[in-house]
Amino acid sequence: MTSQSQGIHQLLQAEKRAKDKLEEAKKRKEKRLKQAKEEAMAEVDQYRMQREKAFRLKQSKIMGSQSNLSEEVEEQTQGKIKELNGSYNKCMESVLKQLLNTVCDVKPEIHVNYRATN
């Protein structure tokens, strides 16, 4: 009976050691997973920062050229407005005279498609 209780006791101790080893292995696995996750996050952050830097560089190049383009377009627009205003002031009198002459000088004529009905 003592050999049986000793055998049972050994089995229980072996089971406890196996359980402890399993828990220790689980803890190591969790620790490795956590470390791998942290490394991956650091790598992702580094990549994100690199891509954002490249984006900001491209954006500054594009926006810089766009601001130059917008200034150039603004100058062209102002020049065109001045040109049109000058043309308007120059031709306004003659156009008004032509319009008034056409409206005021009514010449009654029979239309070419008019048919007299008898």
Side-chain angles (χ1 to χ4, degrees):
M1 184 121 157
T2 59
S3 68
Q4 266 189 341
S5 67
Q6 232 179 4
I8 292 174
H9 186 62
Q10 282 180 342
L11 284 174
L12 288 174
Q13 284 180 344
E15 187 178 336
K16 184 178 178 186
R17 283 191 305 252
K19 188 177 180 182
D20 289 343
K21 284 186 178 185
L22 281 175
E23 285 185 29
E24 185 180 319
K26 283 183 183 179
K27 286 180 184 179
R28 281 194 312 253
K29 183 179 178 183
E30 286 177 10
K31 186 177 179 180
R32 280 192 313 233
L33 285 174
K34 186 176 179 181
Q35 183 181 7
K37 184 177 179 181
E38 288 173 357
E39 288 174 1
M41 290 300 289
E43 191 175 325
V44 166
D45 287 340
Q46 181 182 7
Y47 180 73
R48 180 181 297 124
M49 289 174 60
Q50 179 185 10
R51 297 302 294 170
E52 284 178 0
K53 183 178 178 182
F55 173 74
R56 278 187 252 113
L57 181 64
K58 284 183 180 180
Q59 186 179 26
S60 66
K61 284 182 182 178
I62 291 171
M63 294 305 266
S65 63
Q66 279 185 345
S67 66
N68 292 342
L69 288 176
S70 64
E71 289 172 5
E72 188 177 316
V73 167
E74 185 66 29
E75 288 175 14
Q76 289 177 353
T77 303
Q78 293 300 325
K80 195 70 165 174
I81 289 172
K82 287 180 183 178
E83 180 184 328
L84 290 173
N85 282 335
S87 175
Y88 166 78
N89 290 331
K90 186 172 101 177
C91 298
M92 178 180 67
E93 297 255 345
S94 64
V95 170
L96 279 176
K97 283 181 184 177
Q98 287 177 352
L99 183 63
L100 286 174
N101 286 337
T102 304
V103 170
C104 293
D105 292 340
V106 178
K107 298 177 185 170
E109 296 177 354
I110 296 177
H111 196 273
V112 293
N113 290 335
Y114 177 75
R115 282 193 247 163
T117 54
N118 286 341

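Everything quoted here is computed from the prediction, not taken from an experiment.
To the nearest 0.5 Å, atoms CD (Glu30) and CD (Glu23) are separated by 10.5 Å. Atom OG1 of Thr77 is separated from atom CD of Glu72 by 10.5 Å, given to the nearest 0.5 angstrom. In this structure, CD on Glu83 lies 11.5 Å from CD on Gln76, to the nearest 0.5 angstrom. To the nearest 0.5 Å, atoms OG (Ser87) and CE (Met92) are separated by 11.5 Å. Between the NZ atom in Lys37 and the CG atom in Leu33 there is a gap of 10.0 Å [rounded to 0.5 Å].
For Met41, the CE atom is loosely surrounded, since the number of other residues' heavy atoms within 6.0 Å does not exceed 12. In this structure, Leu99 places its CG atom where more than 12 heavy-atom neighbours from other residues, nucleotides or ligands lie under 6.0 Å away.
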Quiz item: Given Glu38 and Lys34, is the side chain to side chain contact (heavy atoms under 4.5 Å, CB included) satisfied, shown in steps?
Solution: CA-CA 6 Å; Glu38 288 173 357; Lys34 186 176 179 181; 3.7 Å; yes
Practice problem: Evaluate salt bridge (Lys or Arg N to Asp or Glu O under 4.0 Å) for Glu93 paired with Lys97, printing each intermediate quantity in order. | Solution: CA-CA 6 Å; Glu93 297 255 345; Lys97 283 181 184 177; 5.0 Å; no
Exercise. Could you check Glu24 against Arg28 for side chain to side chain contact (heavy atoms under 4.5 Å, CB included), going step by step and ending with a plain yes or no?
Key: CA-CA 6 Å; Glu24 185 180 319; Arg28 281 194 312 253; 3.0 Å; yes
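Every residue two or more places apart in sequence or in another chain that forms a side chain to side chain contact (heavy atoms under 4.5 Å, CB included) with Leu57 is listed here: Ser60, Lys61. Judged as a side chain to side chain contact (heavy atoms under 4.5 Å, CB included), and not counting sequence neighbours, Lys27 has no contacts.
The salt bridge (Lys or Arg N to Asp or Glu O under 4.0 Å) analysis of residues 41-57, with sequence neighbours excluded, yields the pairs Asp45-Arg48, Glu52-Arg56.
Side-chain atoms of Glu74 and Gln78 include a donor-acceptor pair closer than 3.5 Å.
Taken together through direct or relayed side-chain contacts under 4.5 Å among Ile, Leu, Val, Met, Phe, Trp and Tyr, Tyr88 and Leu96 form part of one hydrophobic cluster.
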